[in-house]
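To keep things clear, I will list the structure first and then write my remarks on it.
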Amino acid sequence: MKTTREKIEAFRKKRMDLIEGSGEKGAKKQHEKGKLTARERVRLFCNPDTWQELNLFAEHRAINFGMQGKDIPADGVITGVTTVDNKLVYIVSQDFTAAGGSVGETHAAKVCAVMDMALKSGAPVLMFNDSGGARIQEGVDSLNGYGSIFYRNTLLSGVVPQIAIISGPCAGGAAYSPALMDFIIMVRGTGQLYITGPQVIKEVTGEDISAESLGGADVNASISGNIHFIASSDEEAALIARKLLSFLPSNNLEEAPRYGDGTLTWSEDNYLNTIIPDDPREAYNMLDVIHHIVDNNDFLEVKAHFSPNIIVGFARINGDTVGIVANAPSAKAGVLDIDASDKGAEFIRFCNVFNIPIVTLVDVPGFLPGIEQEHRGIIRHGAKMLFSYASTTSPKITVVLRKAYGGAYLAMCSKSVGADRVAAWPTAEIAVMGAAGAANIIFRDDIKNAQDPKAEKKAKIEEYENQFSNPYQAASRGLVDAVIEPKDTRRYITLALISLKNKRDIRPQKKHGLIPM
Ligand code: HXC
């Protein structure tokens, strides 16, 4: 019989073997591919003093296809909990060096167990994905495992933040767990995300494509819009995740962390008084406006590479987290198209479930006209913006900087779709459409029959501009609460946020609304 001492020694060895996993050989393979090991990823993300690992000793029980007795340390996934910047975070890190990080019954059960704990304790989940997908030898047990993860992704959705980091392959159904999470950070060069890989595509459609061109970080960020951030390394991905978490509450019943002591700080920002060009067709940099309004010029842009005509992201104003949604006149004149609507609506809904106030900065010429947009469904996509703003109950503050035309004016959080405060700069043009277009329609006959049609057109454009291309008609109807000088914008938003801190907005009971899909 073993002595207590021997039992402890044996335990130490067993534990060490599991922690070492595939050891130096496995680590070397990962490093050669430009990747960290699963454990290195956990370490760089979290504080080793507070790391508590769960289910280290879990083993698979598969027997088919050579699996009987096959050693897969920790069944290819490290799970546990830690505190990051004083916040509890549950972590999952797949170990590609152990059976390709493939997801079998036990691997999935470990992931599900931390998700269950995260739900019970109201803490975010962060998952490093680096896996060959469903463990082929385990057949339907593996599929069932994935299904159980998807089910929990959905249960956790809107309760605790979920962040996926794609640091290796993520193919097949495996792509759907990240897709069901709130944010995806992808490492350029090593992360791959697709439903069917190049080989299958070649067999089915005959198309030739490399894995990187099919589902690399750049493609997923700028073309498909599947991901939210690109990182250049695992280390940078962890930094982005930390930064993102710093803006977020741990769950939907908590408030976002507050920075600073609440002392009101603002100064007039005369630069903003000069930012709108005299020529209404001239662009300016909306990011510049955002940097001038938020604390410490610090803005975490989300989906920066996708549909740049709309900007979304997190910042703080007077220490409190806000979500910013803004049109970007420097990209497609800031028009709302299908992709911009999807991007905006997704972000607005995230802010709403976690009670984050939304600041909307408007300079929008309208929805993008065109056959392609109509046929692809701009109506149902654009409706997502209306639906998202109208169903949002967290505080909504809108500032109209320049153009706010037609349906797009409504879709950028007008008073009528539920803005709590609307301010407009003196340069605002809140109208059904731009003056030139409007004059061409309503004064068509006058212009046609005039002695000097060109001069008449100019006069009519001016007439329309004077009457409607300004903020005052909207202000006279109470659709704009205040016309403010641009330099006072930060002050206006800060006071509005304070006054809306305890906002209550009770809606009719229902299972859920039906957002156009
Ligand atoms: C079991 C797997 C595996 C898997 C990889 N491995 N994927 N084992 N099930 N799905 C094992 C390999 O056999 C190998 O084991 C080790 O992991 C490393 O794999 P390599 O192929 O040597 O690595 P690499 O060359 O880097 O290629 C990575 C890869 C490739 C591109 C991911 O492994 C691959 O194509 N794997 C299969 C991908 C796939 O078809 N998955 C199923 C998708 S279907 P040894 O012992 O040699 O080290 C799916 C359905 C889910 O996921 C549906 C949910 C709804």
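Just so you know, ligand 1 is whichever comes first in the structure, and atom 1 is the first atom listed for that ligand.
- Comparing heavy-atom distances from atom 5 (C) of ligand 1 across Gly100, Gly145, Gly101, Gly66 singles out Gly100 as nearest.
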Exercise. For Asn153 and Met115, what are the C-alpha separation, side-chain angles and deciding distance, and is it a side chain to side chain contact (heavy atoms under 4.5 Å, CB included)?
Worked result: CA-CA 8 Å; Asn153 284 135; Met115 292 175 87; 3.1 Å; yes
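- Contact annotation for Leu143 and ligand 1: only side-chain heavy atoms (C-beta onward) come within less than 4.0 Å of the ligand.
- Not a single protein heavy atom sits closer than 4.0 Å to atom 20 (P) of ligand 1.
- Any N or O atom pair closer than 3.5 Å counts here, and Ile136 shares at least one such pair with ligand 1.
- Closer than 4.0 Å to atom 34 (C) of ligand 1 lies none of the heavy atoms of the protein.
- Below 4.0 Å from some heavy atom of Arg135 lie the following atoms of ligand 1, by number and element: 1 (C), 9 (N).
- Across all their heavy atoms, Asn220 and Leu193 have their closest contact at ND2-O, 3.3 Å.
- The nearest protein heavy atom to atom 10 (N) of ligand 1 is closer than 4.0 Å.
- Close contacts of ligand 1 with Tyr146, meaning ligand atoms under 4.0 Å from a residue heavy atom, involve 51 (C), 54 (C).
- Nearest protein heavy-atom neighbour of atom 55 (C) of ligand 1: Phe150 CE1, 3.6 Å.
- Residue Val103 comes nearest to Ala108 through the heavy atom pair CG1-CB, 3.9 Å, listed as atom of the first residue, atom of the second, then distance.
- Summarising the contacts of atom 39 (C) of ligand 1 with Gly132, Ser142, Ser102, the nearest heavy atom is found in Gly132.
- Distance remark: protein heavy atom present below 4.0 angstrom from atom 23 (O) of ligand 1.
- Contact annotation: the side chain of Met286 approaches that of Pro329 to within less than 4.5 Å [non-hydrogen atoms, C-beta and beyond].
- Summary of contacts: the protein heavy atom closest to atom 44 (S) of ligand 1 is Ala134 CB, 4.5 Å.
- Between Met16 and Arg12 the shortest side-chain heavy-atom distance does not fall below 4.5 Å.
- Remark: atom 29 (C) of ligand 1 lies closer than 4.0 Å to no protein heavy atom.
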Problem set entry | Steps toward side chain to side chain donor-acceptor pair (under 3.5 Å) verdict (Ser246, Arg316) | CA-CA 10 Å; Ser246 79; Arg316 294 185 186 88; 3.1 Å; yes
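- Given atom 2 (C) of ligand 1, the protein heavy atom at minimum distance is Ala99 O, 3.8 Å.
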Exercise. Yes or no on side chain to side chain contact (heavy atoms under 4.5 Å, CB included) for Ile195 and Tyr176, after CA distance, side-chain angles and deciding distance?
Worked result: CA-CA 8 Å; Ile195 295 296; Tyr176 280 119; 3.3 Å; yes
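- One N or O on the side chain of His228 and one on the backbone of Ile184 form a donor-acceptor pair closer than 3.5 Å.
- Distance check on atom 41 (N) of ligand 1: some protein heavy atom falls below the 4.0 Å cut-off.
- Less than 6.0 angstrom separates the ring centroid of Phe314 from the ring centroid of Phe347.
- Every atom of ligand 1 is numbered from 1 in the order shown, and the set under 4.0 Å from a heavy atom of Pro169 is 32 (C).
- In terms of protein heavy-atom proximity, atom 46 (O) of ligand 1 is nearest to Lys70 NZ, 4.1 Å.
- Using a 4.5 Å heavy-atom cutoff, the side chains of Glu20 and Arg39 are not in contact.
- Atom numbering of ligand 1 starts at 1 in the shown order; those under 4.0 Å from a heavy atom of Lys33 are 26 (O).
- Near Gln137, the atoms of ligand 1 lying under 4.0 angstrom from a non-hydrogen atom of the residue are 1 (C), 9 (N).
- Given atom 48 (O) of ligand 1, the protein heavy atom at minimum distance is Lys29 NZ, 4.8 Å.
- What sits closest to atom 27 (O) of ligand 1 on the protein, heavy atoms only, is Phe96 CZ, 4.4 Å.
- For the pair Asn352 (side chain) and Ser394 (backbone), a donor-acceptor distance under 3.5 Å is present.
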Problem set entry | Pair His381-Asp342, side chain to side chain donor-acceptor pair (under 3.5 Å): steps then yes or no | CA-CA 6 Å; His381 290 278; Asp342 284 358; 2.8 Å; yes
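- Counting non-hydrogen atoms of other residues, nucleotides and ligands closer than 6.0 Å to CD of Glu6 gives a total above 12.
- Ligand 1 has no atom lying under 4.0 Å from any heavy atom of Tyr176.
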